[in-house]
Number of protein chains: 2
Amino acid sequence: MTRHAVDRSADLKARIRDAAEDQFSSRGYAATSIRDIAAAAGVDPSIVIRHFGSKEALFVDTVRLRARDAGILSGPISQVGERLVRQVLAQPDDLVRSRGAFAALLRASDSDDVQALLRQELKASIIDAVEARLPPPDAKLRAHLFCAQLIGLFTALWVIEDVELTAANRDALAVSYGALLQQALTGDIFSTSAAG
Amino acid sequence: MTRHAVDRSADLKARIRDAAEDQFSSRGYAATSIRDIAAAAGVDPSIVIRHFGSKEALFVDTVRLRARDAGILSGPISQVGERLVRQVLAQPDDLVRSRGAFAALLRASDSDDVQALLRQELKASIIDAVEARLPPPDAKLRAHLFCAQLIGLFTALWVIEDVELTAANRDALAVSYGALLQQALTGDIFSTSAAG
DNA sequence: GTCTATACCTTGATAGAC
DNA sequence: GTCTATCAAGGTATAGAC
């Protein structure tokens with residue numbers, strides 16, 4: 001393989017990858033065909049399979065939550081809940097990318113590989129970051145509870161598209177769901193009398 | 001159309017419906033083919049389309065959450081949270097059916113019709129029941145917050161299959177996530193200082 | 001050996017025969 | 001009213017071109 005061939009091949013893979021991530025994240029897995037991706041990348045459909053093996057492998061290779069770098073969990077731990085909901089509702093660019101990726105990953109999670117990828121992305125983006133900031137002995141469980149609540153918010157807003165929630169007063173939603181998230185992090189939730 | 005023809009036709013549709021609900025709920029939308037359903041119902045594939053119009057229409061016609069009748073939100077309002085999580089973790093028969101249906105609906109929700117059905121099922125099963133039991137003026141918002149949290153629990157357990165959550169101590173999970181759900185119903189979550 | 005084009009198989013959906 | 005034949009679309013493998 002010559003130097004030029006390497007460059008060309010790498011460039012080709014990059015072009016396919018970009019087209020794939022873009023289409024998978026915007027239209028979802030089922031609605032995106034190999035032929036669509038190939039056309040957007042300006043190559044023959046068989047090239048895509050040749051380089052990535054299968055549609056599913058290409059999906060797993062390209063789609064990511066991308067929330068890791070967003071510093072979405074930064075700031076004082078006691079205010080993470082509300083701040084996070086505000087960030088989600090404000091829809092900055094990086095989160096908009098994550099939005100499509102999350103919906104695509106969740107809807108394609110009947111594949112074991114996609115399901116594993118989604119778990120891994122949530123762990124790397126959310127769970128590990130939260131766990132690292134909480135004291136023992138409940139750090140891990142709290143991180144998973146927090147993540148489950150966040151999955152609920154993302155799924156309600158981005159996958160099921162609950163209009164009542166989208167249309168709700170932004171401040172009220174940020175304050176209330178933020179308080180619920182905050183409870184998972186630092187609230188008194190392990191004594192049976194704490195609820196209510 | 002004779003009397004017998006009506007019975008036969010109705011019986012046929014019922015057989016197809018049963019087979020469809022069973023396969024869609026257990027294997028999901030994508031992995032279930034019209035030919036599979038037809039074979040299970042003992043009819044020709046074209047009959048299925050003839051009677052229901054399309055695979056998607058058949059899906060929307062058959063798959064339901066079925067949690068409505070479960071009385072899942074019964075009992076004292078102050079203890080609904082923990083009791084509900086315990087019921088979910090205990091996996092009674094009716095909830096096991098709902099589990100597959102929830103995953104199938106969520107994963108097929110890139111279709112507008114399926115998405116609308118899922119919204120409607122959540123409203124009928126959860127949101128309306130919760131809203132009816134809470135006092136104004138926050139009943140509606142609280143119901144939607146509660147539902148979002150519940151979606152998070154279902155999705156984490158049944159769709160993403162978070163093993164850490166599944167393997168967690170059942171009592172600890174019921175108490176803690178129950179407390180979080182309870183906060184959405186009856187907690188002080190609308191003042192900015194309530195969190196933490 | 002590496003890339004490309006053609007062909008194949010599954011599956012959803014339709015039209016016409018009986 | 002039910003079945004057979006067929007089409008169209010899409011994922012994938014294979015054989016041929018350089």
Side-chain angles (χ1 to χ4, degrees), chain A residues 1-17 19-24 26-63 104 107-114, chain B residues 1-17 19-24 26-63 104 107-114:
Chain A
M1 190 188 268
T2 70
R3 195 66 239 281
H4 273 88
V6 173
D7 291 351
R8 219 169 93 76
S9 177
D11 176 64
L12 211 69
K13 284 195 88 164
R15 284 218 318 277
I16 294 171
R17 233 191 281 264
E21 188 193 358
D22 184 56
Q23 301 223 359
F24 280 139
S26 57
R27 299 189 204 174
Y29 182 80
T32 301
S33 73
I34 296 276
R35 286 165 171 85
D36 288 341
I37 295 170
V43 302
D44 189 271
S46 63
I47 307 284
V48 177
I49 297 291
R50 181 103 189 145
H51 279 288
F52 292 91
S54 71
K55 179 183 174 182
E56 191 185 311
L58 176 58
F59 183 82
V60 170
D61 192 289
T62 53
V63 179
R107 289 181 175 137
S109 65
D110 48 351
S111 144
D112 288 346
D113 287 349
V114 173
Chain B
M1 194 186 264
T2 70
R3 195 67 239 281
H4 274 91
V6 172
D7 290 351
R8 223 167 95 74
S9 177
D11 176 64
L12 210 67
K13 283 195 87 164
R15 285 219 315 278
I16 295 171
R17 233 190 281 264
E21 188 193 357
D22 184 57
Q23 301 225 358
F24 280 140
S26 57
R27 301 189 202 173
Y29 182 81
T32 301
S33 72
I34 295 279
R35 286 166 171 86
D36 289 341
I37 295 169
V43 303
D44 189 89
S46 64
I47 306 285
V48 177
I49 298 291
R50 181 123 188 121
H51 278 290
F52 292 91
S54 70
K55 179 184 175 182
E56 191 185 311
L58 177 57
F59 183 81
V60 169
D61 192 290
T62 53
V63 179
R107 288 178 175 141
S109 66
D110 48 351
S111 145
D112 287 347
D113 287 347
V114 173

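For the numbers below, each heavy atom of this structure counts, side chains included, while hydrogens, waters and symmetry mates do not. Each chain gets a letter, A, B and so on, in the order its sequence line appears, and its residues count up from 1.
The distance between atom CD1 of Ile49(A) and atom P of dA5(C), rounded to the nearest whole Å, is 16 Å. In this entry the distance linking CD1 of Ile37(B) with P of dA13(C) reads 11 Å, nearest Å.
Side-chain to base pairing of Arg50(B) with dG1(D): no donor and acceptor N or O lie closer than 3.5 Å to each other.
Take the nearest nucleotide of DNA chain D for Gly42(B) and for Thr32(A): the residue whose nucleotide is more 5' is Gly42(B).
Stacking of Lys55(A) on the aromatic ring of Phe24(A) is not recorded, the 6.0 Å distance cut-off and the 45° axial limit not both being met.
Counting heavy atoms from C-beta on, the side chains of Val48(B) and Pro45(B) never come closer than 4.5 Å. You'll find the side chain of Lys13(B) stays beyond 4.5 Å of the side chain of Ile16(B), heavy atoms only.
Residue Ser46(A) is in base contact, counting any heavy-atom pair closer than 4.0 Å across all strands shown. As judged by a 4.0 angstrom heavy-atom cut-off over every strand, Ile34(B) is placed among residues touching the sugar-phosphate backbone only.
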Chi angles and distances behind the side-chain hydrogen bond (donor to acceptor under 3.5 Å, both in side chains) call for Asp113(B), Ser111(B): CA-CA 5 Å; Asp113(B) 287 347; Ser111(B) 145; 5.1 Å; no
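Closest contact between the side chain of Ser33(A) and the listed nucleotides dG10(D), dT12(D), dT2(D) involves dG10(D). Side-chain atoms of His51(A) lie closest to dC3(C) of the nucleotides dG11(D), dC3(C), dT2(D).
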